[in-house]
Amino acid sequence: MTFRLLSPLCLALAFLVPVTTAAAQSEQSRAMGTVTDASGGALPGVTVTLSGAAVAPASVVTDGSGRYLTAWVVPGDYAITFALSGFETRRVSRVALGAGQTVVLDQLLPLAALSETVEVKAPAPVAPPPPPAPASPPSPPRPRVKPVDKEILASVCGPRQPPDYSLAVGRVVSHRDSGRQLLGPGDHLRIDAGEKQGVAVGDNLVIRRRFHTGDRYAPKKLQTFGEQTAGLIQILELGRDSSVGFVVYACGEIFAGDAVERFVTQPAFFSVSAGAPRFDEPAKITIGEHGSLAAGGGQMMVIDRGIMQGVQRGQQLTIFRRPAGTEGEPLSIGAGVIIAVRPDSATIRVEKATDAVMVGDMVALHR
């Protein structure tokens, strides 16, 4: 058993996905981890039960990689039980969950001891076979996922500057069948939006998660945020106020509580001339992935220029700095390309870099 405590920032780095919560969750706690057998192999299907004096016992089930994530609970001391048929049940008592903390508790389950019972039975008289049951009409087939073009998927992932108003039509609730709150590629999940909110079968919706980009302890009206895309889902089953979607594409883990928006496709890459970098009209890098301040080759960041400033998807760019406190010659530290555009911001992908690309570095668009 491995037991460790992660702050929200450390947890985001450990899983490459930010565990960003709403303000109401900042004073709550939860546990997560991985369950394995004696050989170190992942154990899916393990029932993980969290119990304590403050809440009723609540259970989640480990996914195909042996991972689990409990719901948010009030801080306190809890017992966590791990149970799977054929394996010994393990219970960890007095797990302290502090306010705003996520405790990572990994567990190893050994095989249960074998017992043997010999039972002698006399053959029972053979009963006549029952009459055949009347044939029931076949159930209608479940809706199938419609393929999504790879050029469309190319514009799904990455950070963005959030708009001034919410675009969310609903939020992720849980897995459709097991109720677990940590989801990934190929999962069926429930969202709290349906026909009443204008959702329809076949709609593609994007999942987004908000993160802090500045001082999270600043007054609320002074706090700044970015948004990270977690994946793309397609609606398969529709209800009045809820629906079931299939995770078509995941940029990382998806969590219960993540916002769901209508997906507006970006245009496919089109021919943009290489041009020359315009160092006299620089843009500035404002946000990194998951709130990170630095990036390298292959990672994405956000700049403060968009459609209103003539930025186009596919446009090349040079990332540069100037000597501190001077207007000297620009020092090139990397190159990139625009992969998504919005009215006043754009997402770039760093293609190559000779140094860590930082929030605050400048970008010369090629025109």
Determine whether Thr62 and Val48 make a side-chain contact, defined as any pair of heavy atoms from C-beta on separated by less than 4.5 Å.
yes

For the residue pair Phe320 and Phe279, does the interplanar ring angle fall in the parallel (under 30°), tilted (30 to 60°) or perpendicular (over 60°) class?
perpendicular

What residues, two or more places apart in sequence or in another chain, satisfy side chain to side chain donor-acceptor pair (under 3.5 Å) together with Arg262?
none

Show me the donor-acceptor pairs within less than 3.5 Å that the side chains of residues 193-205 make with the rest of the protein, sequence neighbours left out.
from, atom 1, to, atom 2, distance (Å)
Gln197, OE1, Gly194, N, 2.7
Gln197, NE2, Asp241, OD1, 3.4
Asp203, OD2, Ala200, N, 2.9
Asn204, OD1, Gln234, NE2, 3.0

Find out whether Ile287 and Phe211 are in side-chain contact, i.e. whether some heavy atom of one side chain is under 4.5 Å from a heavy atom of the other.
yes

For the residue pair Ser332 / Arg321, report whether a side-chain donor-acceptor contact shorter than 3.5 Å exists.
no

Kindly say whether Ile333 contributes a backbone atom to a donor-acceptor pair with the side chain of Thr354 at under 3.5 angstrom?
yes

What residues form a side chain to side chain contact (heavy atoms under 4.5 Å, CB included) with Ile307, not counting sequence neighbours?
Val341

Do Thr318 and Val363 come within less than 4.5 Å of each other through their side chains, counting heavy atoms only?
no

Using modelled atom types only, decide if a donor and an acceptor are shared between the side chain of Gln309 and the backbone of Gly306 within a distance under 3.5 Å.
yes

Any donor and acceptor pair, going by atom type alone, linking the side chain of Arg342 with main-chain N or O of Asp344 inside 3.5 Å?
no

Pair Glu329 + Arg322: basic N to acidic O under 4.0 Å
no

Who are the salt bridge (charged side-chain N to carboxylate O under 4.0 Å, His left out) partners of Arg171, not counting sequence neighbours?
none

Under 3.5 Å side-chain donor-acceptor pair for His366 and Gln315:
no

Checking side-chain hydrogen bond (donor to acceptor under 3.5 Å, both in side chains) for the pair Arg91/Thr49: CA distance, chi angles, key distance, verdict?
CA-CA 9 Å; Arg91 175 183 173 90; Thr49 303; over 6 Å; no

How many angstroms lie between CE in Met32 and OG1 in Thr102, if you round to the nearest 0.5 Å?
7.0 Å

With Thr224 via side chain to side chain donor-acceptor pair (under 3.5 Å) - residues at least two apart
Thr213

State, with a plain yes or no, whether a side-chain heavy atom of Val95 is found less than 4.5 Å away from one of Asp77.
no

List the atom of Arg305, the atom of Ala283, and the distance in Å for their closest heavy-atom pair.
CG-CB, 3.3 Å

For Arg30 and Thr70, which I'm curious about, is there any donor-acceptor pair between the side chains at under 3.5 Å?
no

Is a donor on one side and an acceptor on the other found under 3.5 Å between the side chain of Ser65 and the backbone of Arg67?
no

Beyond-backbone contact of Tyr68 with Phe82, side-chain heavy atoms, under 4.5 angstrom
yes

Taking every heavy atom of Ala42 against every heavy atom of Gly64, the minimum-distance pair comes out as CB-O, 4.5 Å

Can you sort out the partners of Gln299 under side chain to side chain contact (heavy atoms under 4.5 Å, CB included), two or more places apart, ordered by chain and number?
Glu289, Ala295

